[in-house]
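Lettering of chains follows the sequences in order, A, B, ..., and the numbering in each one begins at 1.
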Amino acid sequence: KQEVTQIPAALSVPEGENLVLNCSFTDSAIYNLQWFRQDPGKGLTSLLLIQSSQREQTSGRLNASLDKSSGRSTLYIAASQPGDSATYLCAVPPGLNTGGFKTIFGAGTRLFVKA
Amino acid sequence: SQTIHQWPATLVQPVGSPLSLECTVEGTSNPNLYWYRQAAGRGLQLLFYSVGIGQISSEVPQNLSASRPQDRQFILSSKKLLLSDSGFYLCAWSSASYHTDTQYFGPGTRLTVL
C-alpha cells in the first residue's frame, strides 16, 4: 500500500530564502510523481510532473527531483517570494504494484513567506 | 485549452437536506473524472472516479453518490446530508493515459452542513 509523507508540515521563511520541501513514498514502483500548489480556498494547480525515468524537472524558480530508489522527492524553491505562500502537495498515481485510479496525496507543506 | 468548472462555489445546507454538486469539463473528450473531499486540516480523500459515461467507482462507502450522465459532466449527490459531510469538494479530470498525465482540478465547492 502506497503511503506519501511530507515534511515539514509547515514552514515560515523570510523573503529571498531558498527552500526545500520534502516528500517520501513507500512503494518505489511508480510511474511518476507530481507536485501541486493549493492556495487557501482554491483548487490544486499542477506545478511539476516527474516521470519515473527522470531525475528532475524545472519550471522557473521551481525544481523538483526524484530518487525512486530511496523513495524521495524534493521541491526546491529559489529566491522565495510572498506570492509563493501556499500549501504544496506531492502526489503519486497508482503504480505498478497497485493499479486502479487512486492517486495518493501527501498531507502537504504549508509555506508562508514573510515580506 | 481544457477548463474545468464546479458549482456552486459555496453552499450552506441543513442536516438532512439533499445535495447536488456539478462538475463539467471543456476542451477534452472521454476524460477520467474524480470527486475528492478535503476536510479541514486533512488531506485529499478520493470519493468517486469515473472512466466513462455511467461508469462510477466508489472509494469510500458513505451517504454520497456520483453520476456521470454525459461524457464531460460529473455530479455528486446526497439524499440526506450529515454534519460530517462538511468540507471542500474538488472535482478533477485526467486523460486516459493517467499514468503519464497529471490531474487537473476545478476551483472547488465549500460545503457547510449545519
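- When the side chains of ILVMFWY residues are joined at heavy-atom separations under 4.5 Å, either directly or via intervening members, Y34(B) and L89(A) end up in a single hydrophobic cluster.
- Heavy-atom contacts from other residues, nucleotides or ligands closer than 6.0 Å to NZ of K42(A) number 12 or fewer.
- Environment of CZ in R61(A): crowded, with over 12 heavy atoms of neighbouring residues, nucleotides or ligands closer than 6.0 Å.
- Proximity of Y49(B) to T103(A): side-chain heavy atoms (C-beta onward) are nowhere separated by under 4.5 Å.
- Hydrophobic clustering (side-chain heavy atoms under 4.5 Å, transitive across Ile, Leu, Val, Met, Phe, Trp, Tyr) keeps F105(A) apart from W35(B).
- No chain of hydrophobic side-chain contacts below 4.5 Å, direct or via other Ile, Leu, Val, Met, Phe, Trp or Tyr residues, connects L44(B) to I4(B).
- Note on V25(B): it does not cluster hydrophobically with V51(B), by side-chain heavy-atom contacts below 4.5 Å among ILVMFWY residues.
- Looking at every heavy atom in both residues, L49(A) comes nearest to T102(B) through CD1-N, 3.5 Å.
- To the nearest 0.5 Å, atom CG of residue L44(A) and atom CD of residue Q38(B) are 6.5 Å apart.
- Identified by a heavy-atom distance below 4.5 Å to chain A, the contributing residues of residues 103-114 of chain B are Q103(B), F105(B), G106(B), P107(B), R110(B), in residue-number order.
- Taking chain B as the reference chain and counting heavy-atom pairs below 4.5 Å, the highest number among A91(A), G41(A), A9(A) is found for G41(A).
- Within residues 77-92 of chain B, the residues having any heavy atom closer than 4.5 Å to a heavy atom of chain A are F88(B), L90(B), listed by residue number.
- Distance CG/L46(B) to NZ/K102(A): 6.5 Å, rounded to 0.5 Å.
- Under a hydrophobic clustering in which Ile, Leu, Val, Met, Phe, Trp and Tyr are joined whenever their side-chain heavy atoms come within less than 4.5 Å, directly or via other members, I56(B) and L21(B) fall into the same cluster.
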